[in-house]
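Reading through the structure tokens given below for one structure.
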Amino acid sequence: MKQMIQKTVEQALASAFNAGDLLPTEPPTSIVVEIPKTASHGDFSTNIAMTMASSQKRAPREIASVLIDHIKDSDGLVSRVEIAGPGFINFFVEQAQWYEVLKSVHSRGRSYGTSQVGQGKYIQIEFVSANPTGPLHVGHGRCAAVGDTLAAVLNAAGFKVEKEYYVNDSGRQILTLGSSVLLRYRELLEESVEFPTDAYQGEYIKDLAQSLLASEGKRLLDLPESEAIEACAMFAADEILDGIKKDLDAFNVSFDHWFSEQSLFDTGAVDKAIQDLKNKKIIYEHDGAMWFRTTAFGDEKDRVVVRANGLTTYFASDIAYHKNKLERRFDRIIDIWGADHHGYIPRVSASVQAIGHSKDKVGFVLVQLVNLLRDGKPIAMSTRAGEFVTLSEVVKEVGKDAARFLFLLRHYDSPLDFDLELAKRQSNENPVYYVQYVHARISNILRKAHERGYSNICWHDDFCELINLSEEIQLIKLMERYPEVITQSARLLEPHRLPFYLKELAGAFHAYYHDRTKHQVVSDDARLSAARLFLVSAVRIIIRNGLFLMGVSAPASM
RNA sequence: GCGCCUGUAGCUCAGUUGGAUAGAGCAACGGACUUCUAAUCCGUAGGUCGGGGGUUCGAAUCCCUCCAGGCGUGCCA
């Protein structure tokens, strides 16, 4: 609808230029049409006359008046156009148009809200990518919810999306994992061991040692230290990764690819990437180490890629990894990271540019931290000491629906306070059920309608007279906005817009539902019932579609 | 020190790429259950958009500066 208004304005503009009613200046590059805050300002408005005032050297209201004269509304889209305030042009949409919206919600059904603005372009999203050295915690959960929903939203907006998890199954942390497990293993065999502070402290290490002992027996004691550590590392990393996959599965998050860091070494990709950049003189030697000239791309200092001891840094893998991603010919690549990694952006961005790609090719989304609370009081957590609440514990306690909804209910730029007690509460303090409840209520109405024999939900032209109350038109106007919520979330990479919209739609429905003297859906009046069933089941379609994108279930009863 | 993020109602947060009179939820107060599910609704109250300058027809939004908080600033991952 907004696009149609936009086209109308565009056409009026062109017509005014052609007729010589406007000075022949450069036409505006984009026409902004928005939904005014107050209903008295119309359904849509544009500020075009104001933005053109200086180049046209005329008063905005005068320009607006010229444009209005050139508006051709052959489709009968608008009932009234007015000039208001400093020079806004306000459009009032013909009521009949809103029924078209309502009809299209039904005819599109599950695909209502989807579009082709992405033009089938390939986007890769990498997220979570937690090291397989311990279970996922709540911070990973937020990244998982954001990444998974963003992928769904982009997909709905017509992009082809691939979700990837980068597994850091190489490097020092894996060896640390191995030696941590080995020590606990020896402990189980009643050796007295000293457990160093730089080892992984969590209880889960003991569990891993236990299952290792169960499957391998005492065999590892006979191996040389380094082989034993490696065996422990392989075993533990596999087990942990397996657990991560299960946790994500329980959280309704899926990935298309699991990409192994180790594979970059096995195929020689890391060496090759380094060699290529050496040839380009972007990597140079200094103090026995190999340095990447990231300062040439705006970083504040150069970064080490190969240490003096010959071992590569994490950054080296990351260069090869991003090179690999870029070679896979995605149109765009998005890395979703915890905000504590933001210091890595300049160097990764430098590597992307050094490989020969535009900086914009790779986008970064930084998700701020999660503060876990219980009854308003912070829960102390320390990853180092192994004291943290895992994602699976949270999901088990509050349910995946509440967890996902609450993780998405904040812009990823703001830190998130997540209160476990509030998340569980079945009350109006908890926003999670508010939206789901709409779905349950409408489902119940449909059940009742079915019992009464009103089971055929399809459009009849007399609905135009029957769906007539301003609250009802208001509901349809809200429904009309849904597709734009999706495209905007996709364009700005901001999935939080979705739950905010759903809350708004839910609020409008609950208010409508509640006044049963005016809005009883299923009644003795068969025609009116049919019309209202058509209206409310459209609301249900959108609620269901929106929750689906968020990975939250839409229950038929609660 | 430098860099990134944040600062909007008592609390938690939105605010549509600069728009018209800054919004919602919670908490507070006052109301509504003979129901298509009260996990709901209606009403009242609540603001120096951190402070100060600037840009223009117009600023919560853009620029500068200061203040406060978070994170980062490894030949760690």
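What you see is a predicted model; the values in this text were computed from it and never measured. All chains are named by letter (A, B, ...) in the order of the sequence lines, taking the proteins before the strands, and each is independently numbered beginning at 1.
Under the 6.0 Å cut-off for aromatic ring centres, A:Phe364 and A:His342 do not qualify, their centroids lying 6.0 Å or more apart.
One finds the NZ atom of A:Lys448 at 10.5 Å from the CG atom of A:Leu533 (value rounded to the nearest 0.5 Å).
Under the 30°/60° scheme for interplanar angles, the aromatic rings of A:Tyr512 and A:His519 are found to lie parallel.
Straight-line distance from the CZ atom of A:Phe500 to the P atom of B:C26: 13 Å, rounded to whole Å. The distance between atom CG of A:Leu502 and atom P of B:A24, rounded to the nearest whole Å, is 18 Å. Between the P atom of B:A14 and the CG atom of A:Leu406 lies a distance of 14 Å, rounded to the nearest Å. Counting to the nearest Å, the C1' atom of B:G69 and the CG atom of A:Asn371 are 12 Å from each other. Residue A:Ile274 contributes atom CD1, which lies 16 Å from atom P of B:C75 at whole-angstrom precision. In this entry the distance linking CG of A:Leu373 with P of B:C13 reads 10 Å, nearest Å. Across the protein-nucleic acid pair, A:Glu504 atom CD and B:G25 atom C1' stand 12 Å apart, rounded to whole Å. Residue A:Phe315 contributes atom CZ, which lies 19 Å from atom P of B:G72 at whole-angstrom precision.
For A:Ala511, counting side-chain heavy atoms from C-beta on, the closest listed nucleotide (B:A39, B:G19, B:C41) is B:C41. You'll find that the side chain of A:Phe88 is closest to B:A20, out of B:A39, B:A20, B:U73. Closest contact between the side chain of A:His496 and the listed nucleotides B:U12, B:U73, B:A14 involves B:A14. With B:A38, B:C75, B:U73 as the choices, the nucleotide that has an atom nearest any side-chain atom of A:Arg303 turns out to be B:U73. Nearest to the side chain of A:His342, among B:C36, B:C71, B:A39, sits B:C71. Counting only heavy atoms from C-beta on, A:Asp413 has its side chain closest to B:U6 among B:C71, B:U6, B:C75. Listed candidates were B:C75, B:C57, B:G15. Nearest to the side chain of A:Glu494 is B:G15. Out of B:A20, B:C71, B:U12, the shortest distance to the side chain of A:Asp417 is found at B:U12.
A gap of 11 Å separates the C1' atoms of B:A24 and B:A9, to the nearest Å. Using P as the reference atom, B:G74 and B:U17 are 37 Å apart when rounded to the nearest Å. Distance noted for atom C1' between B:A45 and B:C29: 8 Å (whole Å). Look at the P atom in both B:G52 and B:A59: the space between them is 15 Å, to the nearest Å. The C1' atoms of B:A68 and B:C49 are separated by 16 Å, rounded to the nearest whole Å. Look at the C1' atom in both B:A60 and B:G15: the space between them is 8 Å, to the nearest Å. On the C1' atoms, B:U35 is 44 Å away from B:G19, given to the nearest whole Å. With C1' as the reference atom, B:A39 and B:C63 are 47 Å apart, rounded to whole Å.
With contacts defined as side-chain heavy-atom distances shorter than 4.5 Å, the pair A:Lys503/A:Val435 qualifies.
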What are the atom names and distances for every N/O pair under 3.5 Å that joins the protein to nucleotides 16-18 of chain B?
from  : atom 1 : to       : atom 2 : distance (Å)
B:U16 : O3'    : A:Gln488 : NE2    : 3.2
B:U16 : O2'    : A:Gln488 : OE1    : 3.3
B:U16 : O2'    : A:Gln488 : NE2    : 2.4
B:U16 : O4     : A:Ile35  : O      : 3.3

What nitrogen or oxygen pairs link the protein and nucleotides 29-35 of chain B at under 3.5 Å?
from  : atom 1 : to       : atom 2 : distance (Å)
B:U35 : O4'    : A:Arg516 : NE     : 3.4

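For B:C76, neither phosphate oxygen OP1 nor OP2 lies less than 4.0 angstrom from any side-chain nitrogen or oxygen of A:His341. Considering only side-chain N and O atoms, A:Tyr512 lies nowhere under 4.0 angstrom from the phosphate OP1 or OP2 of B:C42. A sub-4.0 Å separation between OP1 or OP2 of B:C75 and a side-chain N or O of A:Lys301 is present. Side-chain nitrogen and oxygen atoms of A:Arg307 include at least one within less than 4.0 Å of the OP1 or OP2 phosphate oxygen of B:C76.
Looking only at distances, no side-chain donor or acceptor of A:Arg307 sits under 3.5 Å from a matching main-chain atom of A:Thr313. In this structure, the side chain of A:Ser529 engages the main chain of A:Val521 through a donor-acceptor pair within 3.5 Å. A:Tyr454 places no side-chain N or O within 3.5 Å of a backbone atom of A:Arg527 that could act as its donor or acceptor partner.
Nearest heavy atoms, A:Ile68 versus A:Glu82: CD1-C, 4.2 Å. The two residues A:Asp43 and A:Val93 make their nearest non-hydrogen contact at OD2-N, 2.8 Å. Taking both residues in full, the closest heavy atoms of A:Ile319 and A:Ala273 are given as CG2-CB, 4.4 Å, listed atom of the first, atom of the second, then distance. Counting all heavy atoms, side chain and backbone alike, A:Gly87 lies closest to A:Pro60 at CA-CB, 4.2 Å.
Mapped onto RNA chain B by nearest heavy atom, A:Asp302 and A:Ile89 fall at different nucleotides, with A:Ile89 at the one closer to the 5' end. Comparing A:Glu261 and A:Gly343 along RNA chain B, the residue whose closest nucleotide (by nearest heavy atom) sits nearer the 5' end is A:Gly343.
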Inset, instruction - For the pair A:His322 and A:Asp335, evaluate side-chain hydrogen bond (donor to acceptor under 3.5 Å, both in side chains) and give the outcome as yes or no after the intermediate values. - result: CA-CA 10 Å; A:His322 281 84; A:Asp335 288 3; 2.6 Å; yes

Legend entry - Worked verdict on A:Asp515 versus A:Thr517 for side-chain hydrogen bond (donor to acceptor under 3.5 Å, both in side chains): CA-CA 6 Å; A:Asp515 195 345; A:Thr517 56; 2.8 Å; yes

Legend entry - Check against side chain to side chain contact (heavy atoms under 4.5 Å, CB included), A:Leu67 and A:Ile89: CA-CA 9 Å; A:Leu67 288 175; A:Ile89 303 175; 4.1 Å; yes

Legend entry - Worked check of side chain to side chain contact (heavy atoms under 4.5 Å, CB included) between A:Ile486 and A:Leu498: CA-CA 7 Å; A:Ile486 303 298; A:Leu498 189 50; 4.0 Å; yes

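Residue A:Ala339 is in sugar-phosphate contact alone, with no base atom involved, counting any heavy-atom pair closer than 4.0 Å across all strands shown. Among the protein residues, A:Asp419 comes within range of no part of the nucleic acid, since none of its heavy atoms lies under 4.0 Å from any strand. Among the heavy atoms of the strands lying under 4.0 Å from A:Ser557 is at least one base atom, whether or not backbone atoms are also near. Using a 4.0 Å heavy-atom distance criterion, A:Ala84 is classed as a base contact. Among the heavy atoms of the strands, none lies under 4.0 Å from A:Ser523. Among the atoms of the strands shown, only primed sugar atoms or phosphate atoms (P, OP1, OP2) are found under 4.0 Å from some heavy atom of A:Pro415.
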Inset, instruction - Give the dot-bracket string for RNA chain B, reading 5' to 3', where a pair is Watson-Crick or G-U wobble with both distances under 3.5 Å, ( ) marks pairs inside the strand, [ ] marks pairs crossing earlier ones, | marks a partner on another strand, and . marks unpaired. - result: (((((((..((((.....[...)))).(((((.......))))).....(((((..]....))))))))))))....

